[in-house]
Amino acid sequence: MRWRSDKGWLELLDQRLLPGQVKYLRFDSAEAVAGGIRDMVVRGAPAIGCTAAYGIAVEAQRLRYLRQSDFDSGLERAFEKLAQSRPTAVNLSWALDRMRRILQAVGSDAETLAPRLLLEAHAIHDEDIATNRAIGAHGAALLTDHARVLTHCNAGALATAGHGTALGVIRSAVEAGRNISVVAGETRPFLQGARLTAWEMVQENIPVTLIADSSAGHLMSRGEVDLVIVGADRVAANGDVANKIGTYTLAVLAARHAIPFYVACPLSTIDLATASGAHIPIEQRASSEIAGFGDLRWACEGAVMHNPAFDVTPAELIGGLITEKGVVLAPDETKIRALFGQGAP
Ligand code: MRU
C-alpha cells in the first residue's frame with residue numbers, strides 16, 4: 001500500500017492479479033477502501049488494519065469542506081462501513097479504535113482532525129513494519145541453518161505494511177545468514193500460498209517449494225518439514241488462533257509428527273475481549289471461490305458449496321506465539337495477558 005501525498009489518495013497493489021500482473025488501484029473514499037478490503041484487493045490481517053486506517057484518513061480529507069454535521073455523520077458512516085468489510089481479522093477493529101481515539105482526543109473540527117488522522121494512519125503503518133522486524137528477530141532465533149519451514153496462506157510483506165509476520169521470521173533468519181527453505185501450501189481456494197507467498201519468496205531468491213495443501217501430511221511423515229510457521233487473523237485470550245482455513249489441519253498433522261508449530265503475530269492480532277476460539281466470527285466467502293477461479297469454473301453444477309475462510313487452532317496445538325515482545329511458548333491466558341501487563345483474569 002502507498003499513500004500518494006501529492007494526490008491525497010491511497011493506492012493498493014491489486015493482490016487478486018498477482019503474480020501475473022503488478023497493478024496499483026486508487027482509493028479516494030472510505031466506501032472504496034471498504035470495497036477493496038471486502039473484495040480482497042488487499043488482505044492479511046495487519047494489512048487490512050493499516051488499510052482501514054487510511055480509509056478513515058482519506059474520508060476525512062474528502063469530507064473536510066462539508067458542513068460540520070455532514071462531516072461528522074459522513075465520518076461515522078466511514079467507521080461503520082470499514083468495520084463491516086471483513087469479520088475475522090481483529091486488526092481491522094484495532095486500527096479503527098486507534099483512529100477513533102484521535103477523533104475523541106482532537107475533536108471533530110475537520111481542519112485539525114483530517115491531517116491528524118492521516119498522521120495516525122502513517123503511524124499505524126510504520127509501527128507495523130517495526131513490529132514485524134521485532135517478530136522476525138525473535139522468531140529467527142528458532143530457525144537453525146538449513147531449516148525447512150512449512151507455511152500456509154500468505155503472512156508476508158503483502159499481508160502487512162512490510163516484512164511480514166511468518167515470512168518476516170524467515171526473512172530475518174535469511175538476513176542473519178541462515179539457509180532457509182520454504183514449503184508453501186497453495187492455500188485453496190484463494191491460492192494465497194501459490195500466488196503470493198511463492199511470489200514473495202521468488203522475488204527475494206529464498207528457495208520455495210510449492211505443494212498442494214493435501215501433500216502436507218505426506219511431507220511431514222517423510223521428515224521433509226522441520227517446523228511450521230503461520231500467521232493469525234485473531235488470537236483469543238486463551239491462545240486459540242483463527243487463521244486461514246487449513247491451518248488447523250496443519251497443526252493436527254504437526255502434533256502427530258512432533259513438528260514444532262508456531263504462530264507469528266503482532267499484539268494487535270490478540271483480542272483479549274474474545275475468550276476463546278469458539279467466539280471468533282468465521283467469515284463465509286462466496287461459493288464461486290470453490291467452484292473455480294476468476295472466470296474459470298470447474299466444479300459440478302448442483303453441488304452445495306461451503307466456503308469458511310478461516311478455522312480455529314486450539315491453543316494446546318500451538319508450540320509458541322512469536323510476537324514483537326518475544327516468543328510465548330505453550331500460550332495460555334495467563335501468559336497472553338502478561339504480554340499486555342495484565343494479571344490473571
Ligand atoms: O483471507 P486472507 O488472505 O485475508 O487471510 C489471511 C490469513 O489468514 C493470514 O495468514 C493472516 O491474516 C496473517 S497475515 C500476517
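For ligands, and for the atoms within them, numbers begin at 1 and follow the listed sequence.
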**Q** Determine, using heavy atoms of A309 and all atoms of ligand 1, whether some pair is separated by less than 4.0 Å.
**A** no

**Q** Are R86 and E283 within salt-bridge range, i.e. N to O under 4.0 Å?
**A** yes

**Q** Taking the basic N atoms (NZ, or NE/NH1/NH2) and the acidic carboxylate oxygens, is any pair closer than 4.0 Å for D14 and K23?
**A** no

**Q** Would R43 count as a polar contact of ligand 1, with the cut-off being nitrogen or oxygen pairs under 3.5 Å?
**A** yes

**Q** Is the W3 ring parallel, tilted or perpendicular to the Y54 ring (thresholds 30°, 60°)?
**A** parallel

**Q** Give me the residue, atom name and distance of the protein heavy atom closest to atom 7 (C) of ligand 1.
**A** D233 OD1, 3.1 Å

**Q** Of all the heavy atoms in A232, does at least one lie under 4.0 Å from an atom in ligand 1?
**A** yes

**Q** Linking I/L/V/M/F/W/Y whenever any side-chain heavy atoms sit under 4.5 Å apart, do L321 and Y248 land together?
**A** no

**Q** Could you tell me, atom by atom, which parts of ligand 1 come under 4.0 Å of a heavy atom of A159?
**A** 14 (S), 15 (C)

**Q** Nearest heavy atom to atom 4 (O) of ligand 1 wins, so pick from Q15, R86, M40.
**A** R86

**Q** Which atoms of ligand 1 are found less than 4.0 Å from any heavy atom of A45?
**A** 12 (O), 14 (S)

**Q** For ligand 1, which atoms have a heavy atom of Q192 less than 4.0 angstrom away?
**A** 1 (O), 2 (P), 3 (O)

**Q** Please confirm whether F310 comes under 4.0 Å of ligand 1, counting heavy atoms of the residue only.
**A** yes

**Q** Using a strict cut-off of 4.0 Å, indicate which atoms of ligand 1 neighbour a heavy atom of K244.
**A** 1 (O), 2 (P), 5 (O), 8 (O)

**Q** Check this for me: R256, atom CZ, are more than 12 non-hydrogen atoms of other residues, nucleotides or ligands nearer than 6.0 Å?
**A** no

**Q** Indicate yes or no: does D97 engage R100 in a salt bridge with an N to O separation below 4.0 Å.
**A** no

**Q** Give the numbers and elements of all ligand 1 atoms closer than 4.0 Å to a heavy atom of A155.
**A** 14 (S), 15 (C)

**Q** Note the single closest protein heavy atom to atom 15 (C) of ligand 1, along with its residue, its atom name and the distance in Å.
**A** T165 OG1, 3.1 Å

**Q** A side-chain contact here means heavy atoms from C-beta on lying under 4.5 Å apart; do Q192 and Q15 qualify?
**A** no

**Q** Can you find an N or O of P46 that's nearer than 3.5 Å to an N or O of ligand 1?
**A** no

**Q** Any Lys/Arg nitrogen of E11 or R4 sitting under 4.0 Å from an Asp/Glu carboxylate oxygen of the other?
**A** yes

**Q** Regarding ligand 1, does N243 bring an N or O atom to under 3.5 Å of one of the ligand's N or O atoms?
**A** yes

**Q** With a 4.5 Å cut-off on side-chain heavy atoms, are L339 and I270 touching?
**A** yes

